[in-house]
Number of protein chains: 2
Amino acid sequence: MRNAVLQDTLTPKHLKASHIQPNCSTCSLRELCLPVGLDEPEVEALGDLVNHKCQVKRGEYLHRAGSDFKSLYAVRRGVFKTCILEKDGRQQVTGFHMTGELIGLDAISTERHTCDAIALEDSEVCEIPFAKLEEMGRNIPPLMHHFHKIMSREIVKDHGVMMLLGSMKAEERLATFLLNLSRRYFKRGYSSSDFILRMTREEIGSYLGLKLETVSRAFSRLQEEGIITVKNKHINISDIDRLRSKIGG
Amino acid sequence: MRNAVLQDTLTPKHLKASHIQPNCSTCSLRELCLPVGLDEPEVEALGDLVNHKCQVKRGEYLHRAGSDFKSLYAVRRGVFKTCILEKDGRQQVTGFHMTGELIGLDAISTERHTCDAIALEDSEVCEIPFAKLEEMGRNIPPLMHHFHKIMSREIVKDHGVMMLLGSMKAEERLATFLLNLSRRYFKRGYSSSDFILRMTREEIGSYLGLKLETVSRAFSRLQEEGIITVKNKHINISDIDRLRSKIGG
DNA sequence: TTCTTGTTTTGATCCATGTCAATGCAAGGG
DNA sequence: CCCTTGCATTGACATGGATCAAAACAAGAA
């Protein structure tokens, strides 16, 4: 829509690159993304290795489970979900990824992607060739260190999800999920109390280990209690303290 | 028991070090642990930075949530559990760690441990100062690369647990758990069909998102079906194929 | 040995969530 | 506009696992 012309440039691969904003230095996500803690020349060097602004339309795959791993992707605009699919058809959403977040960390271990990554709305990513990143990390210790922190944070996040899945009830899970989204929107300069969900009830359910009906009922209950307002994908948190108290109350 | 004398050496900190086998080069776990893929001089260099053989008795903490992070630990002997504890008392076991596996990856993100690590039997670890590891990684690219693979593998593992917690039934969870243990014992040269559990039913339950009674019942059912034999902590897998078919059948 | 303590098993019952089914609602296409 | 399609809500009912309770069992201490 916004950049319809740009989106229709020639496509060497499945990813369409456009070079409007060709470096990390000028990127508004700088402080959320890989370059955290780097000085100006370092950011420039990093930016030179990154393929900026690859477009992924809503519903398109950024990568599929089993495909070759060459690059990490940083979300520049939009939202992605990642999910794993068992042979028996079972599916698990393993994460939702917002701007500044890295996708593909799981693939380093086997050089193959272990999950599908799918755009939940028209999105853009920056492609970061991993071999080059490692090489550059050797010369820029803060870059390497921050990369380690990002991987570690991913592990901590997953442990939080394990806690949620292992020992929380439906309503607690949903409250936790909403508060997490709220915090992440806030960090990005958006309202922490009013936002649009980019994922369906089924995707939320898959992430939270619940059926979509249970998710829907939990939404309704929180609404009846006056804690949130739900209008389809539009969520308004009217009483964040009571929402917080839903967890482990 | 075996090394009672050694265990009673002077203790500068809470970890007691003894210097019988002072380098990674001669360690039998070399191919399971950090040094994978390194050549001889590199392994020696790595070994020099590691504080080998710190003893941790059964029930003792290797580290606690909130404590300062300085080092990773590689399990050299024994088994550990890691668990997070919410303010409301809820507890979640996030992993069981066998020889050659690294503990502490979660702590890199905030420089604080995010979980408790507790020895489930008398154990030994090697302490790996993380700052030094990063420094050395700059000069030994394969070391850095393998470290990234280890972190990535941890993420993949956690995604597997999320799948398990999010969409499997009690019996499937337990079957998955047993098959995972079986594979890990096998890799370490032990029987893949006959082993001793080091954790209680309650700890298994916490890891699998089940109550201990449910774990016990699932064991009993698998035994009634002739798939395994359970005698307290002693497990014998008599029909591994049928155990596999329990998952997603 | 007996006592104690922690763990495991088993049974009886309950409840949160899953399942099945119907209806409602919003968005896009003809 | 209506029709279609996908998503969300709501209700009725079934069920897997939680909970509560008791007993069995194992290991260590006295």
Side-chain angles (χ1 to χ4, degrees), chain A residues 1 57-59 81 89-93 118 120-122 164-175 177-178 196-225 228-236 246-249, chain B residues 1 57-59 81 89-93 118 120-122 164-178 196-225 228-235 246 249:
Chain A
M1 11 205 87
K57 290 282 192 67
R58 180 193 160 124
K81 72 168 175 181
R90 247 189 306 232
Q91 192 175 13
Q92 175 76 30
V93 171
I118 300 166
L120 296 181
E121 57 179 328
D122 291 356
L164 178 149
L165 292 170
S167 64
M168 287 186 178
K169 297 212 210 282
E171 222 179 52
E172 295 180 279
R173 295 185 199 191
L174 189 64
F177 175 69
L178 289 176
I196 308 288
L197 299 173
R198 301 303 171 172
M199 63 295 281
T200 66
R201 301 288 189 267
E202 186 168 20
E203 287 161 339
I204 297 172
S206 173
Y207 184 61
L208 299 180
L210 302 168
K211 291 293 155 182
L212 70 96
E213 295 93 330
T214 307
V215 173
S216 178
R217 277 186 252 265
F219 270 128
S220 300
R221 218 170 324 133
L222 289 175
Q223 178 162 240
E224 278 160 30
E225 296 182 54
I228 62 174
T229 311
V230 187
K231 195 171 262 174
N232 242 317
K233 309 223 165 186
H234 181 174
I235 303 291
N236 183 284
K246 281 285 170 189
I247 302 167
Chain B
M1 13 200 83
K57 291 282 192 68
R58 178 193 161 123
K81 72 168 175 180
R90 245 189 307 230
Q91 192 174 15
Q92 174 76 31
V93 171
I118 301 166
L120 296 180
E121 59 179 328
D122 290 358
L164 177 148
L165 292 170
S167 64
M168 287 187 179
K169 296 209 207 289
E171 221 180 55
E172 295 181 278
R173 296 186 197 190
L174 189 64
T176 306
F177 176 69
L178 289 176
I196 307 290
L197 298 173
R198 301 302 171 173
M199 64 294 283
T200 66
R201 301 287 189 267
E202 187 168 20
E203 287 162 337
I204 297 172
S206 172
Y207 184 62
L208 299 180
L210 302 168
K211 291 292 155 184
L212 70 95
E213 295 95 326
T214 307
V215 173
S216 178
R217 277 185 250 267
F219 271 129
S220 300
R221 217 168 327 132
L222 289 175
Q223 178 162 241
E224 277 161 29
E225 296 182 54
I228 63 174
T229 310
V230 187
K231 195 171 261 175
N232 241 315
K233 310 223 166 190
H234 181 173
I235 303 291
K246 279 285 170 192

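The shown structure was predicted, so the numbers you read here are calculated from the model rather than taken from an experiment. Protein chains get the first letters and strands the later ones, always in sequence-line order, with residue 1 at the start of each.
Here the straight-line distance linking atom CD of Gln91(A) with atom OG of Ser167(B) works out to 9.5 Å at 0.5 Å rounding.
One atom, CD1 of Ile204(B), and another, P of dT7(C), lie 12 Å apart when rounded to the nearest Å. At whole-Å resolution of the value, NZ in Lys231(A) and C1' in dA26(C) are 13 Å apart. To the nearest angstrom, P of dT17(C) lies 12 Å from CG of Leu164(A). Atom CE of Met199(A) is separated from atom P of dA8(D) by 11 Å (rounded to the nearest Å). dT9(C) atom P lies 14 Å from atom NE2 of His234(B), rounded to whole Å. Rounded to a whole Å, the CG atom of Asn232(B) is 16 Å from the P atom of dG6(C). Nucleotide dA12(D) holds its P atom 11 Å from the CZ atom of Arg217(A), rounded to whole Å. The distance between atom CD of Glu203(B) and atom P of dG6(C), rounded to the nearest whole Å, is 14 Å.
At the heavy-atom level, Gly205(B) lies nowhere under 4.0 Å from the strands shown. Residue-level contact check: Ser216(B) touches the bases, meaning some heavy atom is under 4.0 Å from a base atom. Counting non-hydrogen atoms under 4.0 angstrom, Leu212(B) reaches a base of the nucleic acid.
Smallest separation of non-hydrogen atoms from Leu208(B) and Arg173(B): O-NH1, 2.7 Å.
A salt bridge links Arg198(B) with Glu121(B): the closest approach of a Lys/Arg side-chain nitrogen to an acidic carboxylate oxygen falls below 4.0 angstrom. Between Glu172(B) and Lys246(B), no side-chain nitrogen of the basic residue sits less than 4.0 Å from a carboxylate oxygen of the acidic one, so the salt-bridge criterion is not met.
Both Arg201(A) and Arg173(B) lie close to DNA chain D; mapped to their nearest nucleotides by heavy-atom distance, the more 5′-ward contact belongs to Arg201(A). For Phe219(B) and Met168(A), each mapped to the nucleotide of DNA chain C holding its nearest heavy atom, the one lying further toward the 5' end belongs to Phe219(B).
Contact between the side-chain N/O atoms of Thr214(A) and the OP1/OP2 oxygens of dG18(C) is found at a separation under 4.0 Å.
His234(A) has its side chain out of reach of Thr229(A): every pair of non-hydrogen atoms, C-beta onward, lies at least 4.5 Å apart.
Side chain Glu213(B) to base dC20(D): a donor-acceptor pair is found below 3.5 Å.
The side chain of Leu210(A) lies closest to dT17(C) when the candidates are dT9(D), dT17(C), dT8(C). Proximity note for Lys233(B) (side chain, C-beta onward) versus dT10(C), dT7(C), dA8(D): the nearest is dT7(C). Which of dA8(D), dG18(C), dT10(D) sits closest to the side chain of Lys211(A) comes down to dG18(C).
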